[in-house]
Protein chains: 2
Amino acid sequence: MLDLQEMRKEIDVIDDQIVKLFEKRMSIAEHVAKFKIENNKPVFDRNREEEKLEALGNKTHSAFNCCGIQELYQHIMSISRKRQYQLLQEHEQADTGEFQMVDALRKKDVTVVFQGVEGAYSHAAMRAFFGEEIFSYHVDTWKDAMEEIKKGNAMYAVLPIENSTAGIVQDNYDLLTEYNHVIAGEQIIQCRHMLLGISGTELEDIKRVYSHPQALMQCREFLDSHKEWQCHEFGNTAAAAKKVSEEQDKTQAAIASPYAAEYFGLIPLAEHIYTNPDNSTRFIIVTKEKIYCKDAKKISVSYELPHESGSLYSSLSHFIYNGLNMTKIESRPIAERNWEYRFFVDFEGNLSDSAVQNALRGLKAEAQNLRVHGNY
Amino acid sequence: MLDLQEMRKEIDVIDDQIVKLFEKRMSIAEHVAKFKIENNKPVFDRNREEEKLEALGNKTHSAFNCCGIQELYQHIMSISRKRQYQLLQEHEQADTGEFQMVDALRKKDVTVVFQGVEGAYSHAAMRAFFGEEIFSYHVDTWKDAMEEIKKGNAMYAVLPIENSTAGIVQDNYDLLTEYNHVIAGEQIIQCRHMLLGISGTELEDIKRVYSHPQALMQCREFLDSHKEWQCHEFGNTAAAAKKVSEEQDKTQAAIASPYAAEYFGLIPLAEHIYTNPDNSTRFIIVTKEKIYCKDAKKISVSYELPHESGSLYSSLSHFIYNGLNMTKIESRPIAERNWEYRFFVDFEGNLSDSAVQNALRGLKAEAQNLRVHGNY
């Protein structure tokens with residue numbers, strides 16, 4: 001038996017040859033691309049690739065190698081296509097779809113809608129993102145907020161999309177699919193829940209605590225140390241604070257933000273009551289206009305996939321082969337198609353980057369119903 | 001310029017050579033594996049692989065080819081590792097971890113706990129899976145159900161994990177992480193919501209409708225055609241049906257299952273009121289015992305990933321290279337680690353299959369905190 005050193009040398013010799021063959025193959029693939037561009041033929045030909053894979057598998061001498069070479073060639077052909085998409089990109093105009101680049105978002109004298117009431121975390125997120133010089137109003141539901149920007153009553157809507165502890169807000173992923181709006185920005189807000197009451201309240205006075213179910217959950221350890229309190233679920237933290245403020249009853253307390261305390265004139269009865277001190281919510285700023293900022297760094301897309309082994313894996317290769325860092329992947333069921341999914345991927349980049357355009361071109365050709373939800 | 005036919009012939013010649021080199025490389029890799037097994041060395045050596053990738057990149061003549069060959073070799077080395085894991089597998093005892101194979105689940109004279117109340121969809125799922133010859137009781141929360149099997153008060157718990165329209169039940173994914181229990185089965189129940197009232201109720205009598213928020217949402221189109229009704233959210237559909245049954249008030253109706261109608265003696269006032277006729281919920285059957293059936297076909301695992309470009313993609317290769325069909329991927333935030341995720345993957349297979357064992361061995365070596373949640 002050879003020793004490890006010798007075996008590795010042999011492998012190095014083989015690898016040198018593979019590198020040369022790979023470069024030669026890529027050079028021919030470029031000629032094929034030029035031919036396809038001139039003759040207006042599509043880059044991706046699923047049937048031809050499948051025939052090729054079968055032929056290659058037949059040349060191997062073990063079941064494992066058959067599977068291995070087919071996997072390998074799926075990647076070689078995928079890399080080849082990426083190069084062909086690049087050439088197509090050079091040949092044609094840069095394509096940012098319907099999206100227009102802007103220097104910066106307009107944040108003054110615009111109308112912004114948020115879900116919930118004044119004093120809610122979404123209100124705080126809006127203030128953090130836009131500042132004070134805006135017109136703003138609130139609606140009851142996230143869907144209402146989407147409708148308001150669709151009708152043109154507001155330019156922007158502020159919606160929670162993910163909490164660092166509780167995970168994604170599934171409904172808002174579905175609303176992104178339902179509406180043809182665009183994510184133009186994001187704002188992360190730390191959820192520093194406090195126990196709030198009216199002036200003069202002592203912890204001993206409290207009988208009932210009101211808050212959003214998620215906030216109650218996030219303060220579970222604190223609440224468990226006061227088993228004598230009855231916890232009541234409320235639609236949002238600010239509505240709970242509002243109730244306590246309006247009813248002026250010392251037996252009632254709310255769990256809500258420092259922002260709500262200030263807004264409703266309540267007194268913090270206990271601070272740092274949340275289990276996870278870094279608990280944060282990420283809000284997205286949504287608009288009807290197809291715009292992105294020239295310094296935007298993150299892109300959100302979604303697409304549907306057929307029920308095929310490896311299709312998810314193969315779709316992700318478009319990000320990887322273009323050197324794009326995926327930061328998130330989520331799936332949501334497709335309405336009316338039981339147990340099929342739409343995948344939402346966030347990755348780093350700007351719609352003007354050619355790597356991004358290549359990835360999107362490839363995904364558009366190979367996945368179903370690709371949507372770009374925004375670059376921000 | 002060559003014509004397409006000639007170019008493809010040239011590519012075929014190159015590919016023949018690559019196939020030969022690949023098989024030769026795999027054969028040497030087998031010797032390396034044997035050497036590693038004899039000398040008790042790990043298969044995966046991240047540093048060596050990274051050095052190798054850098055050296056290979058330096059041999060290419062364009063930035064694109066550098067990136068391409070590095071991607072390609074990540075796959076070649078990954079395929080190579082999979083073969084080495086296979087050899088390790090042949091060398092050692094089959095390893096199903098702590099899991100014991102059983103011929104079939106015990107479904108008679110066992111104690112089963114479910115969340116909710118009698119008449120709930122979870123109750124219906126339990127009956128569909130186990131039949132009638134069991135002892136059963138209900139608890140208030142999903143966590144309580146997990147506790148009951150932990151304490152040994154029940155052998156099985158029935159929990160909803162996913163709805164075909166609404167998506168996953170995030171809390172139950174988190175409970176799978178929190179508890180060291182095992183998924184031993186699953187049961188899909190169609191959600192054929194009906195509008196239920198007491199005997200003699202006419203649609204014109206109704207003023208208030210009670211149901212779970214998700215059921216209200218799933219019947220949105222029907223409810224929108226009766227704007228005069230007030231909709232009230234209830235913790236579950238069966239509790240809504242129970243209220244209507246107990247209060248014997250013709251101005252009240254509930255949206256709940258045919259099962260609840262029967263259980264509470266209510267009359268269907270309107271059927272087929274759901275928007276999606278195929279709307280279904282998938283329930284999991286959870287137990288403390290580490291068992292799987294010999295004919296189990298689906299495996300659920302989860303693992304954490306570091307924040308690295310491509311780490312998700314690379315982790316999925318373990319399923320692909322072992323020919324395992326992934327049917328689902330979900331992510332949940334990791335508690336106390338902001339914006340980091342635990343990925344849940346479902347794939348087809350049985351813990352006794354060597355392909356499954358290879359995949360798990362590879363994932364265990366390369367991902368963090370791999371958990372097998374069950375084979376069912």
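Throughout, protein chains are lettered first and strands after them, A, B, ... in sequence-line order, and every chain is numbered starting at 1.
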Do you know which of Glu233(B), Gln70(B), Lys59(B), Glu348(B) has the most heavy-atom pairs under 4.5 Å to chain A?
-> Lys59(B)
Heavy-atom distance under 4.5 Å between the side chains of Arg48(A) and Arg8(B), does that happen here?
-> yes
Roughly how far, to the nearest 0.5 Å, is CD1 of Ile334(A) from OG of Ser164(B)?
-> 12.0 Å
Check each atom of Asn163(B) against the heavy atoms of chain A and say whether the ones under 4.5 Å are side chain, backbone, both or neither.
-> backbone
Max heavy-atom pairs within cutoff under 4.5 Å with chain B, candidates Val13(A), Val19(A), Asn279(A), goes to Val19(A)
Say you draw a straight line from OG of Ser27(A) to CD1 of Ile11(B); how long is it, rounded to the nearest 0.5 Å?
-> 9.5 Å
Compute whether any side-chain donor of one residue and acceptor of the other, for Glu330(A) and Ser331(B), lie under 3.5 angstrom apart.
-> yes
Region of Lys20(A) that comes under 4.5 Å of a non-hydrogen atom in chain B | neither
Taking atom CG of Asp278(B) as the centre, report whether more than 12 heavy atoms of other residues, nucleotides or ligands fall under 6.0 Å from it.
-> yes
Considering all heavy atoms, the nearest Thr327(B)-Tyr341(A) contact | O-CE1, 4.3 Å
Can you measure from NE2 (His31(B)) to CG (Leu4(A)) and round to the nearest 0.5 angstrom?
-> 12.5 Å
Using a 4.5 Å cut-off on heavy atoms from C-beta on, say whether the side chain of Arg83(A) contacts that of Asn65(B).
-> no
State, with a plain yes or no, whether a side-chain heavy atom of Asp15(A) is found less than 4.5 Å away from one of Leu21(B).
-> no
One should read off an interatomic distance between Ile28(B) CD1 and Glu6(A) CD, to the nearest 0.5 angstrom, of 11.0 Å
In this structure, are over 12 heavy atoms from other groups packed under 6.0 Å from Asp16(A) atom CG?
-> yes
Heavy-atom count around Glu178(A) CD within 6.0 Å, excluding the residue itself: above 12?
-> yes
Output for pair (Leu316(B) CG, Leu312(A) CG), nearest 0.5 Å, gives 6.0 Å
Any donor and acceptor pair, going by atom type alone, linking the side chain of Gln17(A) with main-chain N or O of Ile18(B) inside 3.5 Å?
-> no
Closest non-hydrogen atom pair between Ile79(A) and Gly68(B), with its separation = CD1-O, 3.4 Å
So which part of Lys328(B) gets closer than 4.5 Å to some heavy atom of chain A, the side chain, the backbone, both or neither?
-> side chain
Main-chain N/O of Ile76(B) paired with Glu71(A) side-chain donor or acceptor, under 3.5 Å = no
Side chain, backbone, both or neither of Glu162(B) within contact of chain A (heavy atoms, under 4.5 Å) | both
Rounded to the nearest 0.5 Å, the CE atom of Met7(B) sits from the CZ atom of Arg25(A) at a distance of 12.5 Å
Apply ring-ring contact (aromatic ring centres under 6.0 Å, His included) to His61(A) and list each qualifying residue two or more places apart in sequence or on a separate chain.
-> none
Which portion of Phe343(B) sits near chain A, non-hydrogen atoms under 4.5 angstrom = side chain
Can you name the residues that form a ring-ring contact (aromatic ring centres under 6.0 Å, His included) with Tyr73(B), not counting sequence neighbours?
-> none
Non-hydrogen side-chain atoms of Lys52(A) and Asp12(B) separated by less than 4.5 Å | yes
Heavy-atom side-chain proximity of Ile168(A) to Gln170(B) below 4.5 angstrom | yes
